[in-house]
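Just so we're clear, the structure is a prediction, and the values are computed from it rather than from any experiment. In what follows, chains are A, B, ... by sequence order, proteins preceding strands, each numbered from 1. Side-chain atoms are counted along with the backbone in the values below, which use heavy atoms only and exclude waters and symmetry mates.
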Protein chains: 4
Amino acid sequence: MSASPERRRELLSTAAEVFAAHGYNATTVRRIADEAGMLAGSLYYHFDSKESMVDEILSTFLDELWAGYEAVLGAGLGPRETVEALVTESFREIDRHRAAVAIYQKESKHLSAQPRFGYLTESQRKFERAWLGALERGVAERVFRADLDIRLAYRFLRDTVWVAASWYRPGGQHSPEEIARQYLSMVLDGITPRDATTTVSATTAVSTTTALGATTTARETTTAGPS
Amino acid sequence: MSASPERRRELLSTAAEVFAAHGYNATTVRRIADEAGMLAGSLYYHFDSKESMVDEILSTFLDELWAGYEAVLGAGLGPRETVEALVTESFREIDRHRAAVAIYQKESKHLSAQPRFGYLTESQRKFERAWLGALERGVAERVFRADLDIRLAYRFLRDTVWVAASWYRPGGQHSPEEIARQYLSMVLDGITPRDATTTVSATTAVSTTTALGATTTARETTTAGPS
Amino acid sequence: MSASPERRRELLSTAAEVFAAHGYNATTVRRIADEAGMLAGSLYYHFDSKESMVDEILSTFLDELWAGYEAVLGAGLGPRETVEALVTESFREIDRHRAAVAIYQKESKHLSAQPRFGYLTESQRKFERAWLGALERGVAERVFRADLDIRLAYRFLRDTVWVAASWYRPGGQHSPEEIARQYLSMVLDGITPRDATTTVSATTAVSTTTALGATTTARETTTAGPS
Amino acid sequence: MSASPERRRELLSTAAEVFAAHGYNATTVRRIADEAGMLAGSLYYHFDSKESMVDEILSTFLDELWAGYEAVLGAGLGPRETVEALVTESFREIDRHRAAVAIYQKESKHLSAQPRFGYLTESQRKFERAWLGALERGVAERVFRADLDIRLAYRFLRDTVWVAASWYRPGGQHSPEEIARQYLSMVLDGITPRDATTTVSATTAVSTTTALGATTTARETTTAGPS
DNA sequence: CATGAATGAGGATTCATTCAT
DNA sequence: AATGAATGAATCCTCATTCAT
């Protein structure tokens, strides 16, 4: 029922863009087809259904995301460095899969009700475990504040990072790493001045990046990016 | 074309709940009617259209929100206290209008394209001015860090606060003021420990509240709250 | 289920006006009620249904119309005078029942399909007999042209007269009798000049009117007219 | 948004028939679809809306009508011949576009309120100018009676001709030209006998037709006609 | 007499999807 | 691979009608 993976990816990229811009429900198959320069019916040569399009968009994205996250989690970093690396990795994913991230944000709640999208729920659980783990370890090791409400901090971090997909435009003046650094600086040290404490050093962030460089780079060559 | 403001508010509250849960587009009029215990057509005795329902939900919410915000902005507070008060006020609004806030978050981008919802765009502009102003003054007065990317910080704060509507449940164990204090603590001072710096004191937050008490309380008595 | 015949007539008059202006189908009960200064449901105290409103409007009109027509037909006039009197009477009815006539024109075809409106079909048949009779006698007596296609002439006359209801406004500068005279002049003698033939004399028309005066006047006092 | 002009024309012809028979408002899209042997929704592959169907029906008709009328008006005929030719042309249009004419008659008043149907109003104005002009010239040149109320005569002629669409059935025993001749005979010379005056000679009518033959014939070959 | 609120049967329109070509 | 045409279910909305107060 399908064909060249290239065309497929092109079409999915188009679809993702439209889904992200107008929402899954509000997006008509016809609109996607228009954008792709074909008729609505023709899309069904490539895909089973509208649903299977989001499915493929989201699962592709999550696969890549978890490849990145797992590299971070398996790197044996300290809690603070783990948080830094997760945030940085997240902004990189936003950069690469802005549309998919936006879709994930807006639609995952609804979609995850259907069995087909069970992996969304599962992914969310893994997420929670990853972040909560890092935060807990951090508090235990006193690199994070003792009075932190861990669950609240988790939500704070998670949302703070991902909502950025709603305004981030790839190719803008800030690289994802740059944005990550600024966010981390706010999150870790707050927006009020510190006396003479160490702030997030560019070095730290970059070196972390380097540590994961292999994986990251490998993926960069295979992925075309959303637009 | 309408009737008793009581019934109206009940129905709007029901509608808001459904819109928030499933999204505006995905919500059928029939669903709202079901939830309200009537037939779909009957809703049209009270409202012109599905659209006019969201309209009323959002504009009512924004009116109240801006009453609160303007009380804060007109209180002559310093930048830090302004930020604290704005955040606190925001969490209060989330507490009172959770559904409306969630709808605003998800749908305002699409809706604001229509002339009827022009006030959404306008509101967003006022928002930006309010937050940006406070942040700029704060940097100038050295109560916020000099190296802050103001626009980024604005987005950070704005999103950070409002996304909370997606998980917040009124009547939970944390009061909105409590959550505001925790958020402010993270935002202002970061999640890493400070040596001996002043953190957000409950006192500060509360006293700010007290400063605005008259207005706030006044509204609290008149407004029934969404749920 | 009903009440004072006065209110009833007022309401019917209002309804007739709206039906005439917008068509029966396109007229909502609510619209009529608005115009009458009440709520839609309240009309049902006075009338069984929207249908029964047109019914009463049309049958009242036709009763009066036939009273007039039968006076003419029973007056023992010659064919030409009969035609003149029928036309004159018709314009008088248009003057008195403009709305009803307009409704009759537009809706009678559809309505007459329903058994309830059988009298519309019957009325049409009586119509045809009356006009055709006068025309046939006229041709036989050589007061009408021998080469006349009687059926065509019938349709010509019938339509010619009744469509006037679509533009006629009572209270304008021409009295119905004046318009009748002009129409008759065109119909009887044509629009091209005649050498020295007798044209429709005002005298003829008026005297006919006088002959039927009794009946006509009697009805004039009882009927309020469409307003 | 549409497709093969053939199918389109078929469907419009079907729609026109139903609109003419039951009125625009009373005609359901489903009814048209039934008549066309498809489902209601399928019509929307071909047309934007029910409204756009009448629109296309009416504008197509009026375009053709005015092509014919303008050929007449530009032919430099005398007033009487102009009237004869206009009437003849009108009956030809009734023959070709019976349904469209009937719709025009019944619905144009309502429809012309909407901006989209502004051309209906404009057409009416052009109509008036054409007829009024011919009548005025005729009176001035003494080929029409001096005592004619021009505006009344205009309405008389206009209505007289077009209402015929309500009973005319193409393919009947009378050709449109034949009916035109009879109508003209009544209108020009009246239904009472003339002493020895010239009546509308078949020759006149036919020769007028011939004068415009080229145009008329040209259109006849391109147009299929509604039935 | 009239209101306020609701019913329930459509009616126009949209849209994912199918399928022969 | 893609088109053109159609399906059919769902959606928003309208409206005549009912009825308790």
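Annotation: the span from A/Arg30 atom CZ to A/Leu43 atom CG amounts to 12.0 Å, rounded to 0.5 Å. The line from CG of A/Leu120 to CD of A/Gln124 is 8.5 Å long, rounded to the nearest 0.5 Å.
Here D/Thr27 lies in heavy-atom contact (under 4.0 Å) with sugar-phosphate atoms only.
One can place CG of D/Leu39 at 15 Å from C1' of E/dA16, the figure rounded to the nearest angstrom. Here the P atom of nucleotide E/dA12 and the OH atom of D/Tyr24 are 9 Å apart, to the nearest Å. Rounded to whole Å, the distance from CD1 on A/Ile32 to P on E/dT17 is 10 Å. Rounding to whole angstrom units, CZ of residue B/Arg31 and P of F/dC12 are separated by 12 Å. Atoms CZ (C/Arg8) and C1' (E/dC1) sit 14 Å apart, rounded to a whole Å. One can place CZ of D/Phe19 at 12 Å from C1' of E/dA12, the figure rounded to the nearest angstrom. Whole-Å rounding puts the C/Leu43 CG to E/dA2 P distance at 9 Å. To the nearest angstrom, P of E/dG4 lies 16 Å from CG of B/Leu11.
One finds a side-chain N or O of C/Tyr44 lying less than 4.0 angstrom from the OP1 or OP2 phosphate oxygen of F/dT17. Between D/His46 and F/dA6 there is a side-chain polar atom (N or O) within less than 4.0 angstrom of OP1 or OP2. Distances shown here put a side-chain N or O of C/Arg7 below 4.0 Å from the OP1 or OP2 atom of E/dA2. Side-chain N/O atoms of D/Tyr45 include one lying less than 4.0 angstrom from OP1 or OP2 on F/dA5.
Nearer to the 5' terminus of DNA chain F, by closest-nucleotide assignment, is the contact made by A/Gly37 (compared with the other of B/Thr28 and A/Gly37). Residue order along DNA chain E, read from the 5' end via each residue's closest nucleotide, puts C/Gly41 first among C/Gly41 and D/Val29. Nearest-nucleotide positions on DNA chain E place B/Ala40 closer to the 5' end than the other of A/Lys50 and B/Ala40. Nearest-nucleotide positions on DNA chain F place D/Met38 closer to the 5' end than the other of C/Asn25 and D/Met38.
If you check E/dT7, E/dA12, E/dA16 against the side chain of B/Ser42, the one that comes closest is E/dT7.
Using bins of under 30°, 30° to 60° and over 60° for the plane-to-plane angle, the ring pair A/Tyr104/A/Phe61 lands in the perpendicular bin.
Side-chain atoms of A/Tyr119 and A/Asp55 form a donor-acceptor pair, as typed in the model, at a separation below 3.5 Å. The closest side-chain donor-acceptor pair between A/Arg7 and A/His46, if any, does not fall under 3.5 angstrom.
Of the nucleotides present, F/dA2 is the one that pairs with E/dT21 by Watson-Crick or G-U wobble criteria, both distances under 3.5 Å.
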